[in-house]
Amino acid sequence: MPAGAGPEDDWAGRHAPSLGDIEALARAAFAGLPRAFRALCPGVIIHVEDFPDDDTLAEMECDSEFDLLGLFRGIGLAQGGDFATGQMPNQVWLYRRPLLDYWAEHEETLGHLVTHVLVHEIGHHFGLSDSDMTAIEARADG
């Protein structure tokens with residue numbers, strides 16, 4: 001290990017982040033978002049899977065199982081925003097392997113990437129603009 005390097009700098013013994021690791025990042029990211037943003041989807045359920053299932057890939061017209069980093073399913077403001085009896089709760093899926101693939105190819109932290117995908121999946125579904133979401137991410141990061 002180079003002089004001055006701590007154990008956090010030693011990648012030799014590390015494994016790729018697990019489903020649980022990504023879920024923990026997502027829960028922490030969601031908790032760190034502004035209260036008004038979190039209020040858009042109270043009780044949102046966050047799922048982490050390795051890849052989207054075949055039906056989701058077909059529905060989203062993906063060419064590869066690596067094309068989709070995340071997905072929001074639920075009722076947003078554009079759909080009326082009202083919760084009805086028997087309706088499934090708002091849910092976000094994050095896809096670990098596509099996230100890790102993207103992370104490996106870009107210069108950002110995994111935590112920032114998970115926050116970005118989470119904000120965008122929820123934000124687009126609720127009709128927020130890209131500039132709105134950028135501001136939300138900046139508040140979460142700061």
Side-chain angles (χ1 to χ4, degrees), residues 1 4-142:
M1 193 176 324
E8 67 277 358
D9 296 323
D10 180 14
W11 285 87
R14 292 191 184 180
H15 296 277
S18 68
L19 294 170
D21 294 332
I22 302 295
E23 183 177 341
L25 283 172
R27 291 193 188 292
F30 187 78
L33 296 173
R35 182 175 291 131
F37 185 77
R38 290 191 323 259
L40 291 174
C41 51
V44 67
I45 298 172
I46 299 171
H47 303 276
V48 181
E49 302 289 340
D50 272 323
F51 289 105
D53 61 34
D54 290 338
D55 291 339
T56 299
L57 290 170
E59 176 187 345
M60 302 306 293
E61 300 178 358
C62 295
D63 292 328
S64 161
E65 60 190 356
F66 286 92
D67 288 350
L68 195 60
L69 303 180
L71 182 65
F72 182 96
R73 291 201 186 266
I75 302 297
L77 299 176
Q79 292 80 25
D82 295 326
F83 188 80
T85 302
Q87 171 186 315
M88 294 298 291
N90 288 330
Q91 301 176 71
V92 174
W93 273 263
L94 299 175
Y95 301 113
R96 184 182 79 95
R97 294 283 307 279
L99 284 166
L100 295 179
D101 189 63
Y102 184 94
W103 177 51
E105 296 293 324
H106 294 83
E107 294 294 321
E108 60 188 282
T109 67
L110 184 57
H112 176 78
L113 176 60
V114 168
T115 300
H116 175 80
V117 172
L118 188 64
V119 167
H120 278 255
E121 290 307 323
I122 295 169
H124 278 306
H125 200 77
F126 285 91
L128 299 180
S129 70
D130 284 336
S131 62
D132 291 336
M133 289 182 281
T134 298
I136 290 165
E137 283 183 65
R139 284 188 286 179
D141 289 341

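Note: hydrogens, waters and symmetry copies are ignored here, and every other heavy atom, side chains too, is used.
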Give me the atom names and distance for the closest heavy-atom approach of Glu121 to Leu71. OE1-CA, 3.3 Å

Between Phe72 and Phe126, is the ring centroid distance below 6.0 Å? yes

Ignoring hydrogens, what is the shortest heavy-atom contact between Asn90 and Cys41? Give both atom names and the distance. ND2-CB, 3.6 Å

Heavy atoms of Cys62 and Leu68 approach each other most closely as SG-CB, 4.1 Å

Which value, rounded to the nearest 0.5 Å, describes the distance between Leu113 atom CG and Trp103 atom CH2? 9.5 Å

How long is the span from the CG atom in Asp132 to the CD atom in Glu137, to the nearest 0.5 Å? 11.5 Å

Distance, nearest 0.5 Å, that separates CG of Asp67 from CD of Glu61: 11.5 Å

Taking all heavy atoms of Phe30 and all of Ile46, pick out the closest pair and write down the distance. CB-CD1, 4.2 Å

Could you state the interatomic distance from CD (Glu108) to OH (Tyr102), rounded to the nearest 0.5 Å? 5.0 Å

Measure the CG-CG distance between Leu40 and Leu33 for me, rounded to the nearest 0.5 Å. 10.0 Å

To check you understand the geometry: which heavy-atom pair defines the closest contact between Leu57 and Pro52, and what is its length? CD2-CG, 3.7 Å

Whether His120 side chain and Met133 backbone form a donor-acceptor pair below 3.5 Å: no

Atom pairs and distances, side-chain donor-acceptor, residues 92-100, under 3.5 Å, sequence neighbours left out:
{"unit_1": "Arg96", "atom_1": "NE", "unit_2": "Asp50", "atom_2": "OD1", "d": "2.6"}
{"unit_1": "Arg96", "atom_1": "NH1", "unit_2": "Pro17", "atom_2": "O", "d": "2.6"}
{"unit_1": "Arg96", "atom_1": "NH2", "unit_2": "Asp50", "atom_2": "OD1", "d": "3.1"}

Are the side chains of Arg73 and Thr56 in touch, meaning some heavy atoms are under 4.5 Å apart? yes

What's the spacing between His116 NE2 and Thr109 OG1 if we round to 0.5 Å? 12.0 Å

When every non-hydrogen atom of Ser131 is compared with those of Ser129, the smallest separation belongs to OG-OG, 3.0 Å

Pairwise side-chain contact, His124 with Asp130, heavy-atom cut-off 4.5 Å (strictly under): yes

Quick one: are Leu110 and Ile22 in side-chain contact, heavy atoms under 4.5 Å? yes

